[in-house]
Amino acid sequence: MVARLGRAFFDRGTLRVARELLGARLIVREGQVERSARIVETEAYVRGDPASHAFRGPTRRNRSMFGPPGTLYVFRIHQVVCANLVTRSAEAVLLRAGAVEGREPAYASGPGRLCRALGLTIRDDGDDAARGGRVRVEARDRRPIRIVTGPRVGLRRAAERPLRFYVAGEPAVSRPRRLSVSASPSRSRGAAR
DNA sequence: CCTCGGATCAGCT
DNA sequence: GCTGATCCGAGGA
């Protein structure tokens with residue numbers, strides 16, 4: 001049995017959570033069916049970050065970002081749904097890509113495609129993934145992964161901040177750009193790629 | 001009220 | 001690489 005990631009996991013620094021979510025499984029229950037994906041790409045949105053939806057304070061749209069750690073913040077942009085997991089202090093981690101599990105493994109490359117693959121909708125906004133309802137997250141296994149850090153994707157403001165993290169060698173990751181390699185979170189600093 | 005532009009994606013050059 | 005779709009939220013007047 002795999003441990004669900006609970007409140008304590010999300011109630012930590014956002015960069016750390018963003019890195020440690022890599023390899024974790026995002027699971028969405030749909031009646032009797034469960035759809036899941038291994039998370040392979042994340043982005044951090046932090047306090048004082050002009051690109052963060054929480055930057056200008058709470059509104060109806062972003063109120064989930066001010067919820068407890070582990071809250072889902074789901075928003076829509078250009079008719080596309082994207083999902084975040086809230087950490088602390090109105091910071092959050094955007095889930096950008098995943099390896100979808102099932103009889104036909106597939107790659108969901110991009111936050112909109114990931115949500116679509118798992119059936120996440122705007123109705124999931126505000127749900128508590130740490131408590132584990134329709135949506136939950138399970139810890140990754142112990143196999144080491146190599147994490148790459150780089151600039152976030154698709155932003156006009158604060159685009160250069162290295163707040164994107166992804167698993168090296170994963171096909172689902174969005175168009176790779178400039179890279180700087182770091183080690184797996186539970187291991188010591190590793191060799192370069 | 002009006003205007004602006006976006007944490008995207010698909011499709012085209 | 002670039003563009004357009006397409007619409008809603010945010011913010012200013």
Side-chain angles (χ1 to χ4, degrees), chain A residues 10 12-24 26 28 35 37-100 106-130 135 137 147-167 170-180:
Chain A
F10 296 102
R12 298 180 302 151
T14 302
L15 270 62
R16 183 159 188 183
V17 173
R19 291 161 56 92
E20 294 188 15
L21 277 173
L22 295 175
L26 177 66
V28 179
R35 282 180 276 195
R38 211 162 37 79
I39 298 166
V40 300
E41 182 181 8
T42 61
E43 278 177 1
Y45 288 84
V46 298
R47 196 168 174 80
D49 176 359
S52 170
H53 287 179
F55 183 60
R56 295 173 190 275
T59 66
R60 186 181 207 92
R61 180 202 197 199
N62 69 12
R63 62 185 170 185
S64 298
M65 280 201 71
F66 298 83
T71 299
L72 278 162
Y73 168 48
V74 182
F75 68 94
R76 196 169 32 209
I77 181 171
H78 286 78
Q79 304 304 102
V80 175
V81 166
C82 303
N84 299 253
L85 289 162
V86 173
T87 58
R88 46 155 68 141
S89 307
E91 300 188 347
V93 176
L94 173 70
L95 306 175
R96 283 201 59 90
V100 181
Y107 298 113
S109 178
R113 297 191 195 98
L114 178 61
C115 285
R116 194 175 52 179
L118 296 182
L120 282 171
T121 75
I122 200 73
R123 306 209 51 158
D124 294 305
D125 180 46
D127 280 8
D128 186 359
V135 181
V137 187
I147 296 176
V148 187
T149 302
R152 294 180 293 190
V153 173
L155 301 180
R156 282 163 61 117
R157 298 188 295 183
E160 295 309 309
R161 300 186 66 175
L163 296 177
R164 181 164 65 112
F165 306 96
Y166 59 90
V167 179
E170 281 290 342
V173 169
S174 353
R175 36 187 182 152
R177 299 192 160 180
R178 285 161 276 168
L179 316 176
S180 68

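Chain identifiers are assigned alphabetically (A, B, ...) following the order of the sequence lines, protein sequences preceding nucleic acid strands; residue numbering begins at 1 within each chain. What's counted below: heavy atoms across the whole structure, side chains too, no hydrogens, waters or symmetry copies.
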Taking only N and O in the side chain of [X], is any of them less than 4.0 Å away from OP1 or OP2 of [N]?
X	N	result
A:Arg116	B:dT8	no
A:Thr59	C:dG9	no
A:Arg76	B:dA7	no

Checklist entry - Got a donor-acceptor contact below 3.5 angstrom from the A:Arg161 side chain to the A:Tyr45 backbone? => result no

Next on the checklist: Could you check whether any side-chain N or O of A:Thr42 sits under 3.5 Å from a backbone N or O of A:Ala18, counting only pairs where one atom can act as donor and the other as acceptor?
Outcome noted: yes

Where the side chain of [X] is defined as all heavy atoms beyond and including C-beta, which of [options] is the nearest nucleotide?
X	options	answer
A:His78	C:dG9, B:dT8, B:dA7	B:dT8
A:Arg156	B:dA7, B:dG5, B:dA10	B:dG5
A:Gln79	B:dA7, C:dC7, B:dT8	C:dC7

Checklist entry - Considering Watson-Crick and G-U wobble pairs with both distances under 3.5 Å, what does B:dT8 pair with? => result C:dA5

Next on the checklist: Looking only at the side chains, is there a donor atom on one of A:Thr71 and A:Asp128 sitting less than 3.5 Å from an acceptor on the other?
Outcome noted: no

Item to check | Quiz item: cation-pi between A:Arg19 and A:Tyr166, 6.0 Å / 45° | outcome: no

Rounded to whole Å, how long is the line connecting atom [atom1] of [X] with atom [atom2] of [N]?
X	N	atom1	atom2	value
A:Leu114	B:dA7	CG	P	18 Å
A:Arg113	B:dG11	CZ	P	10 Å
A:Leu155	B:dC9	CG	C1'	16 Å
A:His53	C:dG11	NE2	P	11 Å
A:Ile122	B:dT8	CD1	C1'	14 Å
A:Asp125	C:dC8	CG	C1'	15 Å
A:Ile77	C:dA10	CD1	P	12 Å
A:Arg56	C:dA10	CZ	P	11 Å

Next on the checklist: Would A:Tyr45 count as stacking on B:dA7 if stacking means ring centres less than 5.5 angstrom apart and planes tilted under 30 degrees?
Outcome noted: yes

Checklist entry - Pick one: which of A:Val153, A:Val40, A:Leu114, A:Val173 meets side chain to side chain contact (heavy atoms under 4.5 Å, CB included) with A:Arg96? => result A:Val153

Checklist entry - How far does the P atom of B:dC2 sit from the matching atom of C:dT6, given to the nearest Å? => result 22 Å

